[in-house]
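Worksheet: one structure, shown below.
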Number of protein chains: 2
Amino acid sequence: MSTSPTSSPLKSRDRLVATATKLFYANGINATGIDTVIAESGATKGSMYHHFHNKDGLVAAYLRGEADGWHEAATGVDDSSKGAVERVALMFTIPATAIATDSFHGCPFTNAMVERPADPAIAEIVSDYRRVMAAHVAELIGADPEDTVVAQVVVLYDGGVTGAKQTRSAAPVLTASAMAQELVRAWIEGRRG
Amino acid sequence: MSTSPTSSPLKSRDRLVATATKLFYANGINATGIDTVIAESGATKGSMYHHFHNKDGLVAAYLRGEADGWHEAATGVDDSSKGAVERVALMFTIPATAIATDSFHGCPFTNAMVERPADPAIAEIVSDYRRVMAAHVAELIGADPEDTVVAQVVVLYDGGVTGAKQTRSAAPVLTASAMAQELVRAWIEGRRG
DNA sequence: ACAATAGTAGACGAACCTGTCTAATCTTAC
DNA sequence: GTAAGATTAGACAGGTTCGTCTACTATTGT
């Protein structure tokens, strides 16, 4: 651990998670067999079950990666030199651009809750994601994560993404983005006045 | 068809759809085997495949029923003697009460799009549902279904329901409801002034 | 009465799924 | 150098899934 990483491009475990991320998100968790993930990742069954207790373990690793990925994407598109309203708009470009590039298949967390409703590990990862998102929004606009306005922006984000998934169009995200911008504008106004 | 219905409590086809509705919504479409639906409905395999071409056919019938069910529920909780704002609030009581009675498992249409992303028949039923919902909201508040305000209320509805599914709590629905009421209030105000 | 539709009962195949297991090799830390 | 962890390769069992098929019976509209 203290030494430098090996020359190998990616360890078997990481390849498994990377492949699972691609397939689980694009085709669905239940629709993707473990054998497919193993074959496409170039790993073997022994390796898979050496690293993960069962499929649920791989699913959890996938979802944790998605949560981290969202946070990275959100900080990636952010620009702290801009105002709160514009920064919120930037956050909504994440799903908007995904739709434009046809790589959008809805919210991975919603999808996971639908496909694995009974798994408590998943429920907790989803909880974490929502905490991260609330904290991020709070930081963008200079609010407390517990403020009503943060919950409201989250509702709009969820609504935009869900509508986009159902309609296969970016329109709901754009509607939600405009609403969020107006909401934050009014919130700042109300705070100042 | 022109004569009165038979004494039989429910025809085989209807029992199949009724059972599918219960199981598909509660446990998921992919997680529910056709054999389970057949057994629990008291029908037989021959009957099932006499009425439906395959499982997708049953799923489509289930979803069409959910769309009709939503419309009935929405008109059921409505009260045309009330004002627009209150009528919108009433619409949001549909998911809110479902959550309270533990019979809530998210939006059936979102769930279906997640579990059956490639089925165009499902995409169309979801489209229909969204048209019905837009028309209903438009009627509640006296707007044109194409008005921005209608799309905005829909975003809030989707966001509330999605948040409730992810958090297993009614809070997002209540947040969304309050936002929708405020939105409609302001929209009416703006229209009058 | 007749024909079409609806239904019963269940065997069956072919495909898929997850997870276990054996047995040997490679890598890496110390 | 040695021991622990990581990996390969694939057979295998046990279960589930969907859909087909046969053969027979019941209902119902006209």
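By convention in this document, chain letters (A, B, ...) are assigned in the order of the sequence lines, proteins followed by strands, and residues within each chain are numbered from 1.
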Looking at B/Arg130 and B/Asp158, is there a salt bridge between them, counting it only when a charged N and a carboxylate O are closer than 4.0 Å?
yes
Are B/Arg116 and B/Asp56 within salt-bridge range, i.e. N to O under 4.0 Å?
yes
Does either side chain, that of B/Gln166 or that of B/Thr162, offer a donor lying less than 3.5 Å from an acceptor on the other one?
no
Once base and sugar-phosphate atoms are separated, protein heavy atoms under 4.0 Å mark nucleotides 4-20 of chain D, 5' to 3', with B, S and - as --SBB-B-------SBB
Does CZ belonging to A/Arg168 count more than 12 external heavy atoms closer than 6.0 Å?
no
Distance-only donor-acceptor pairs under 3.5 Å for side chains of residues 134-151 of chain B, two or more places apart:
| from | atom 1 | to | atom 2 | distance (Å) |
| --- | --- | --- | --- | --- |
| B/Glu139 | OE2 | B/Arg87 | NH2 | 3.4 |
| B/Asp144 | OD1 | B/Glu146 | N | 2.8 |
| B/Asp147 | OD2 | B/Asp144 | N | 3.3 |

